[in-house]
Student: 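For reference, the structure I am asking about is given below.
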Number of protein chains: 2
Amino acid sequence: MREALVAAAFQLFLERGYEQTTVDDIVALAGVGRRSFFRYFPSKEDVVFPDHERCLADMTAFLAASDKEHEPVRRACDAARLVLGMYAENPSFSVQRYRLTKQVPGLRAYELSVVWRYERALAEYLRGRFTGRPDGTLRADVIAAAVVAAHNNALRSWLRSDGLGDAGAAVDHALGYVQKTFGRAAEPARAPVFISPAPEGYPDDVVVLVSRRDAPLWRVVQELETALGRA
Amino acid sequence: MREALVAAAFQLFLERGYEQTTVDDIVALAGVGRRSFFRYFPSKEDVVFPDHERCLADMTAFLAASDKEHEPVRRACDAARLVLGMYAENPSFSVQRYRLTKQVPGLRAYELSVVWRYERALAEYLRGRFTGRPDGTLRADVIAAAVVAAHNNALRSWLRSDGLGDAGAAVDHALGYVQKTFGRAAEPARAPVFISPAPEGYPDDVVVLVSRRDAPLWRVVQELETALGRA
């Protein structure tokens with residue numbers, strides 16, 4: 001019944017436009033009563049995004065099931081992948097909805113509020129993990145926003161390409177940038193001297209060495225010689 | 001007249017609530033006609049955020065007036081400071097509006113759409129600056145989201161504290177985190193060997209040295225000795 005209502009709604013949205021379609025039109029086509037519609041969907045907007053509530057619940061449960069062993073930035077990225085999974089489950093429906101959402105300001109506003117709820121779920125998780133760290137809430141909010149922006153950059157490219165190509169690989173690449181940018185903050189220097197991955201934007205032919213100020217110079221030079229391949 | 005309408009509207013919103021106040025109530029209190037209201041404000045929501053359109057226009061103009069000499073991440077942060085300026089101009093009005101917005105879902109949705117427009121303005125500017133760079137649009141979108149999240153983290157703390165404290169210093173600190181995180185990406189290693197600021201999350205007692213693989217080892221050691229203060 002729920003699927004029939006979604007299918008009827010989209011058929012009418014595409015035929016006559018979103019604004020011109022009423023809930024009465026949708027239930028007439030689906031052959032059910034108005035009360036059935038409102039049992040599944042609080043409003044006409046909700047039928048356009050039928051799976052976000054489930055996906056938000058899945059994300060919240062996934063984050064709640066985290067433990068201290070999970071690197072927090074990586075965990076937030078994995079949570080964002082649940083959203084991609086929902087879109088990738090049904091590419092043609094996702095592409096249709098993307099086109100519809102671009103045309104109807106009310107649906108764009110609805111989508112922004114959904115995105116905001118995902119972002120808050122990620123930020124709440126990260127705030128919990130960063131409790132007691134300097135600037136914990138700031139880092140949590142910025143990283144949550146970065147995860148959402150990277151995910152949506154890849155998702156929208158995929159939707160604009162009509163759902164062709166590998167959405168998973170594109171999102172992995174985008175989230176990889178976020179992990180590379182922020183993940184290091186989660187693992188401060190433990191060894192007195194170590195070679196770090198080059199930050200984003202640096203050429204590939206550089207070596208980045210991190211040393212405690214009190215490390216013996218011979219240890220630093222040794223590490224460096226090994227890294228430069230000139231031992 | 002515009003200010004009188006805003007003042008009348010807020011007086012009524014606070015007295016009887018936002019939903020219970022009509023445009024007719026507002027114009028009656030302000031002593032003007034309905035048409036005057038709609039000359040200034042397309043809808044009742046707009047009277048709650050009377051300065052965002054001007055601020056968006058200021059931001060767009062500020063970004064359009066950028067040149068190649070401006071470090072792009074810093075420039076985006078400076079653009080975000082224009083929004084803070086608007087809030088800080090009138091703290092008590094901003095705090096009242098913050099409380100009202102938290103209570104009324106329709107206003108929260110409106111605010112999300114305004115925030116989205118700021119974020120898009122910043123992202124468009126950064127996309128232009130990063131044209132031709134690998135992952136240019138991804139970086140632009142992520143950095144724009146990070147700037148907005150950092151700005152709003154500091155702004156909301158200030159609003160929650162009833163507009164006490166130094167909003168400018170709080171926002172500078174938050175944007176400083178974003179600049180430190182992403183700013184480096186904009187200046188890849190030019191010298192064959194140099195000492196880089198320690199990334200976020202690293203202890204203060206570390207030295208970070210960046211070296212091209214083909215730099216002579218004596219140059220690297222020399223740089224390191226200087227940095228460690230043991231020349």
Side-chain angles (χ1 to χ4, degrees), chain A residues 105 108-110 112-113 115-116 119 123 133 135 137-150 152-154 157 173-174 177-178 181-182 184-189 196 198-215 217 220-221 224-225 227-230, chain B residues 105 108-110 112-113 115-116 119 123 133 135 137-150 152-154 157 173-174 177-178 181-182 184-189 196 198-215 217 220-221 224-225 227-230:
Chain A
R108 274 214 304 279
Y110 185 98
L112 285 178
S113 72
V115 171
W116 173 246
E119 191 172 318
R133 284 178 49 177
D135 291 326
T137 76
L138 172 63
R139 284 160 192 248
D141 288 3
V142 168
I143 295 172
V147 169
V148 167
N152 286 349
N153 175 283
S157 295
H173 176 76
Y177 168 62
V178 173
T181 302
F182 293 101
R184 274 170 296 137
E187 33 165 348
S196 155
E200 282 289 324
Y202 278 39
D204 287 335
D205 64 343
V206 302
V207 168
V208 177
L209 177 133
V210 180
S211 166
R212 289 198 184 271
R213 284 192 180 279
D214 56 6
L217 192 58
V220 184
V221 173
L224 200 61
E225 283 180 324
L228 296 172
R230 295 186 222 158
Chain B
R108 274 215 305 281
Y110 185 97
L112 285 178
S113 74
V115 171
W116 174 246
E119 189 172 320
R133 282 179 50 179
D135 290 326
T137 75
L138 171 63
R139 284 160 191 250
D141 288 1
V142 168
I143 295 171
V147 168
V148 168
N152 286 349
N153 175 283
S157 295
H173 175 75
Y177 167 62
V178 173
T181 301
F182 293 102
R184 274 168 297 136
E187 32 166 348
S196 156
E200 281 288 324
Y202 279 39
D204 286 336
D205 64 342
V206 302
V207 168
V208 177
L209 178 133
V210 180
S211 167
R212 286 199 185 272
R213 286 194 177 278
D214 56 5
L217 192 57
V220 184
V221 174
L224 200 61
E225 283 180 324
L228 295 172
R230 296 185 221 159

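Quick note on labels: first sequence line is chain A, next is B, and so on, each numbered from 1.
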Student: Nearest 0.5 angstrom please: A:L112 CG to B:L112 CG, how far?
Tutor: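 Atom-to-atom, A:L112:CG and B:L112:CG are 6.5 Å apart.
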Student: I need the minimum non-hydrogen distance between A:V142 and B:A146, along with the two atoms involved.
Tutor: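 Nearest heavy atoms, A:V142 then B:A146: CG1-CB, 3.7 Å.
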Student: Measure the acute angle between the ring planes of A:F182 and B:F182, then classify it against the limits of 30° and 60° as parallel, tilted or perpendicular.
Tutor: perpendicular
Student: A side-chain contact here means heavy atoms from C-beta on lying under 4.5 Å apart; do B:V220 and A:L224 qualify?
Tutor: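 Yes, close enough: below the 4.5 Å cut-off.
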Student: Please assess A:V208 against B:V208 for the test side chain to side chain contact (heavy atoms under 4.5 Å, CB included), listing each intermediate value before the final yes or no.
Tutor: CA-CA 7 Å; A:V208 177; B:V208 177; 3.7 Å; yes
Student: Which atoms of A:A109 come close to chain B, meaning under 4.5 Å heavy atom to heavy atom: side chain ones, backbone ones, both, or neither?
Tutor: neither
Student: Could you grab the distance from atom CG of B:L138 to atom CG of A:N153, nearest 0.5 Å is fine?
Tutor: 5.0 Å
Student: Under 4.5 Å, counting heavy-atom pairs only, tell me which of B:A145, B:A154, B:S157 racks up the most with chain A.
Tutor: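 Maximum pair count with chain A is reached by B:A145.
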Student: State, yes or no, whether a side-chain contact exists between A:N152 and B:D141 at a heavy-atom distance under 4.5 Å.
Tutor: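 The answer is no; the side chains never approach within 4.5 Å.
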Student: When heavy-atom pairs shorter than 4.5 Å are enumerated against chain B, which of A:H173, A:E119, A:R108 gives the highest number?
Tutor: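 Result: the option with the highest number of such pairs is A:H173.
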